[in-house]
Amino acid sequence: MTYQEEIAQAEQLIRSQGSSWAGIGAEAVARMRLQNRFQTGLDIARYTAKIMREDMAAYDLDPANYTQSLGCWHGFIGQQKLISIKKHFGTTKRRYLYLSGWMVAALRSDFGPLPDQSMHEKTSVPALIEELYTFLRQADARELGGLFRDLDKARESGNQVEEQRLIHAIDNHQTHVVPIIADIDAGFGNAEATYLLAKKMIQAGACALQIENQVSDEKQCGHQDGKVTVPHEDFLAKIRACRYAFLELGINDGIIVARTDSLGAGLTKQIAYSAEPGDIGDQYNSFLDCEEITDASTINGDVVINRDGKLMRPKRLRSNLFQFRPGTGADRCVLDCVTSLQHGADLLWIETEKPHIEQIAGMVDRIREVIPNAKLVYNNSPSFNWTLNFRQQVFDAWAEAGKDVSAYDRAKLMSVDYDGSELAAEADEKIRTFQRDAAKRAGIFHHLITLPTYHTAALSTDNLAKEYFGEAGMLGYVLNVQRQEIRQGIACVKHQNMAGSDIGDDHKEYFAGEAALKAGGAHNTMNQFAA
């Protein structure tokens with residue numbers, strides 16, 4: 001509905017109420033409705049699921065259409081990210097938000113900072129989704145409010161060309177609301193617990209849920225040791241639980257991202273149930289590290305399985321966990337991915353130990369032999385030392401090609417001494433094109449960085465503290481923060497406006513007319529930033 005149509009509809013409604021609604025302005029109603037486009041989280045989930053499905057189809061046609069996101073741990077951070085994207089690129093197309101369970105645990109738990117082991121309150125995850133969308137919707141209201149104010153000024157000055165331009169901008173306003181891929185960890189319990197949490201996350205606005213195949217009560221960060229996986233049937237029950245949650249709430253095209261940690265997980269908590277040879281349980285058990293039993297008297301409370309007609313004892317640790325055979329991680333990853341896509345997942349996530357395109361592509365090629373349009377969400381993780389990894393990759397490629405690498409020490413390539421070298425320049429170029437190249441070669445539809453804003457907050461705070469509490473004093477803030485905000489056009493330099501003071505003034509005028517006591521008058525110090 002256009003701006004003029006919204007006004008006309010509001011006028012008709014107001015007239016139908018007679019004189020009792022005479023104090024209600026139709027254009028004010030239209031403005032408030034446009035500033036509050038999404039009434040519920042489910043409205044957001046429906047809208048963003050459609051966007052994500054369209055983006056997945058576009059990627060299938062051309063892998064140059066990959067998508068990206070950054071992890072955000074607070075609504076304000078997510079809001080500023082989307083405002084920045086719109087400012088620099090003019091559109092939010094193919095840009096999402098990522099909600100990291102790691103950052104929820106580290107930053108948003110009532111227990112205080114926690115490791116990424118699903119110990120934080122599960123309710124904190126949907127709460128952050130709701131918070132992110134609250135801030136994104138406020139960014140819409142703020143941006144539209146500015147257009148409305150400019151429209152009023154154009155009318156007052158009689159500039160009809162500018163008036164029509166602004167009405168066109170209002171009618172074609174692009175929302176800051178974008179898809180969120182939300183981390184549900186390993187489901188925080190059994191399949192019923194997963195279903196209940198999934199519903200809360202969807203009701204808060206999530207159109208895409210990322211779930212991993214680790215054991216809930218032993219869940220570890222994907223870049224730490226000690227990861228324990230579950231049999232396929234257990235994981236598939238949780239995928240179905242997420243799908244039921246979407247369908248119950250009417251989000252028929254919701255997205256499920258199935259994550260496998262098998263590449264780095266060498267343990268399982270249980271042996272899979274197998275009804276017949278070759279079934280999915282038998283395939284899972286085939287990776288167990290076993291020893292043949294030749295003397296039945298040696299069995300003492302052991303679990304034994306039949307493998308090719310032989311009685312085998314799976315290796316069990318004192319923790320009561322069973323061990324997989326070394327070197328089977330990639331095979332298990334491929335089986336995990338194929339099985340997940342065959343049972344309702346939409347996208348895959350393979351957690352790797354390094355950002356190596358051919359390693360990822362090697363597994364994706366095998367998956368696509370079974371499911372040709374398999375697509376990945378990939379973690380461009382801050383847990384990787386990107387500089388060292390890519391310098392070593394270039395070093396190895398040069399050495400294999402017979403190029404002289406005697407000027408470089410492979411183990412010390414992180415050193416600043418190499419920063420200006422030819423090797424470092426080539427490595428940096430590979431980092432720059434990593435997302436594009438991996439999207440094309442390794443089937444990566446969505447690139448994300450899980451916790452970048454955790455690191456940027458720490459880095460910027462460190463830089464400010466060093467300057468402000470040192471010799472620079474107040475100049476440390478003015479030179480490196482405020483002056484840069486002004487020079488770079490950072491919207492929150494007008495922090496009162498960003499926090500909603502102008503929106504509040506508009507409402508005061510709607511409610512009280514000329515009697516409104518507004519904050520944005522001539523003596524508001526925010527006016528110092530008008531230039």
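For the residue pair Q214 / T229, no side-chain donor-acceptor distance below 3.5 Å is found, with atom types taken as modelled. For Y47 and T175, the side-chain atoms include no donor-acceptor pair closer than 3.5 Å. A donor and an acceptor atom, one from each side chain of W398 and E400, are nowhere located under 3.5 Å apart.
Taking each heavy atom of I239 and A345 in turn, the nearest pair found is CG2-N, 4.0 Å. Of all the heavy atoms in T194 and A186, the pair that sits closest is OG1-O, 4.4 Å. The two residues A399 and V405 make their nearest non-hydrogen contact at N-CG1, 4.1 Å. Of all the heavy atoms in L97 and C72, the pair that sits closest is CD2-SG, 3.7 Å. Considering every non-hydrogen atom in both G329 and L263, the closest pair reads C-CD1, 3.8 Å. Of all heavy-atom pairs spanning A182 and M201, the tightest one is CB-CE, 3.5 Å.
Separating the CG atom in D279 from the OH atom in Y273 is a distance of 8.5 Å, to the nearest 0.5 Å. Atom NZ of K354 sits about 12.5 Å away from atom CG of L388, to the nearest 0.5 Å. Here the NZ-CD distance, from K238 to E212, works out to 9.5 Å after rounding to the nearest 0.5 Å. Separating the CZ atom in F287 from the CG atom in D331 is a distance of 5.0 Å, to the nearest 0.5 Å. Taking CZ from R46 and CD1 from I51, the interatomic distance works out to 14.5 Å, rounded to the nearest 0.5 Å. Separating the SG atom in C242 from the CD atom in Q210 is a distance of 10.5 Å, to the nearest 0.5 Å.
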Does the pair Y133 and T48 meet the rule for a side-chain contact (heavy atoms from CB on, under 4.5 Å), with working shown?
CA-CA 12 Å; Y133 279 129; T48 54; 4.1 Å; yes

Between L376 and W349, does the side-chain contact (heavy atoms from CB on, under 4.5 Å) criterion hold? Intermediate values first, please.
CA-CA 5 Å; L376 264 64; W349 174 315; over 6 Å; no

Run the salt bridge (Lys or Arg N to Asp or Glu O under 4.0 Å) check on D437 and K430 step by step: do they pass?
CA-CA 9 Å; D437 296 341; K430 287 184 178 295; over 6 Å; no

L335 vs R332, test: side-chain contact (heavy atoms from CB on, under 4.5 Å). Steps then yes/no.
CA-CA 5 Å; L335 181 61; R332 286 183 281 124; 5.7 Å; no

Assess whether side chain to side chain donor-acceptor pair (under 3.5 Å) is satisfied between N379 and Y98, documenting all intermediate values.
CA-CA 10 Å; N379 177 11; Y98 179 67; over 6 Å; no

Pair Y284, T268 - check side chain to side chain donor-acceptor pair (under 3.5 Å), show working.
CA-CA 10 Å; Y284 187 81; T268 183; 2.7 Å; yes

Candidate pair I85 and H176, rule side-chain contact (heavy atoms from CB on, under 4.5 Å), full reasoning:
CA-CA 9 Å; I85 287 170; H176 294 81; over 6 Å; no

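With Q435 contributing its side chain and R432 its backbone, the two residues share no donor-acceptor pair below 3.5 Å. With hydrogens and angles disregarded, no donor-acceptor distance shorter than 3.5 Å links the side chain of S274 to the backbone of N285. Side chain of K81 to main chain of Y96: a donor-acceptor pair is present (N/O by atom type, distance under 3.5 Å, no hydrogens or angles). Counting only distance, with no hydrogens or angles, the side chain of R441 and the backbone of E358 share no donor-acceptor pair below 3.5 Å. Looking only at distances, a side-chain donor or acceptor of T40 sits under 3.5 Å from a matching main-chain atom of D43. Of the possible polar contacts, none joining the D185 side chain to the G187 backbone as a donor-acceptor pair under 3.5 Å is found. The backbone N or O of A458 sits nowhere less than 3.5 Å from a side-chain atom of T461 that would complete a donor-acceptor pair.
Counting only heavy atoms from C-beta outward, the side chains of N213 and D261 approach each other to under 4.5 Å. Looking at heavy atoms from C-beta onward, F395 lies in side-chain contact with L423 at the 4.5 angstrom threshold. Inter-residue side-chain proximity for T67 and V377 is flagged as unmet; no heavy-atom pair is nearer than 4.5 Å. Between F246 and I256, some side-chain heavy-atom pair lies under the 4.5 Å cut-off. The side-chain heavy atoms of H232 and H343, taken from C-beta on, include no pair separated by under 4.5 Å. Contact of the R95 side chain with the V178 side chain is not registered, since no non-hydrogen atoms from C-beta on lie closer than 4.5 Å. With contacts defined as side-chain heavy-atom distances shorter than 4.5 Å, the pair N380/Q68 does not qualify. Put simply, the side chain of F38 reaches to within 4.5 Å of the side chain of V177, judged on heavy atoms.
Ion pair R366/E369 not flagged as a salt bridge, since none of the NZ, NE, NH1 or NH2 atoms sits closer than 4.0 Å to an Asp/Glu carboxylate oxygen. Between K440 and D62, none of the side-chain N atoms (NZ, or NE/NH1/NH2) sits under 4.0 Å from a carboxylate O, so this pair counts as no salt bridge. A salt bridge links R53 with D346: the distance from a Lys NZ or Arg NE/NH1/NH2 to an Asp or Glu carboxylate oxygen falls below 4.0 Å. Comment: R108 engages E131 in a salt bridge, judged by a side-chain N to carboxylate O separation of less than 4.0 angstrom. Taking a cutoff of 4.0 Å between a charged side-chain nitrogen and a carboxylate oxygen, R259 and D336 do not qualify as a salt bridge. Note on D417 versus K412: no salt bridge recorded, every NZ/NE/NH1/NH2 to OD/OE distance being 4.0 Å or above.
A search for side chain to side chain donor-acceptor pair (under 3.5 Å) contacts involving K403 returns E422, not counting sequence neighbours. Evaluation of the side chain to side chain donor-acceptor pair (under 3.5 Å) rule for S100 yields no partner, not counting sequence neighbours.
Using bins of under 30°, 30° to 60° and over 60° for the plane-to-plane angle, the ring pair F390/W386 lands in the parallel bin. Below 30°, between 30° and 60°, or above 60°: for F445 and Y59 the angle between ring planes is above 60°, a perpendicular geometry. Y378 and F434 have tilted rings, their planes meeting at an angle from 30° to 60° on a 0 to 90° scale.
Annotation: Y66 is not in aromatic contact with H446 [ring centroid separation under 6.0 Å not met]. Ring centroids of Y244 and Y195 are separated by 6.0 Å or more, keeping the two rings apart. The aromatic ring centres of H120 and F188 sit less than 6.0 Å apart.
Under a cut-off of 6.0 angstrom, the local environment of NZ in K93 is sparse, with at most 12 non-hydrogen atoms contributed by other residues, nucleotides or ligands. When the shell of 6.0 Å around CD of E130 is examined, it contains 12 or fewer heavy atoms from other residues, nucleotides or ligands.
For the pairing with T339, the side-chain contact (heavy atoms from CB on, under 4.5 Å) check across V334, I280, T260, V370 returns one residue only, I280. Results of the salt bridge (charged side-chain N to carboxylate O under 4.0 Å, His left out) test with R391 over D419, D409, D396 single out D419 as the only residue that passes.
Residue pairs meeting the salt bridge (Lys or Arg N to Asp or Glu O under 4.0 Å) criterion with at least one member in residues 304-319, sequence neighbours excluded: D289-K315, E291-R313, D302-R313.
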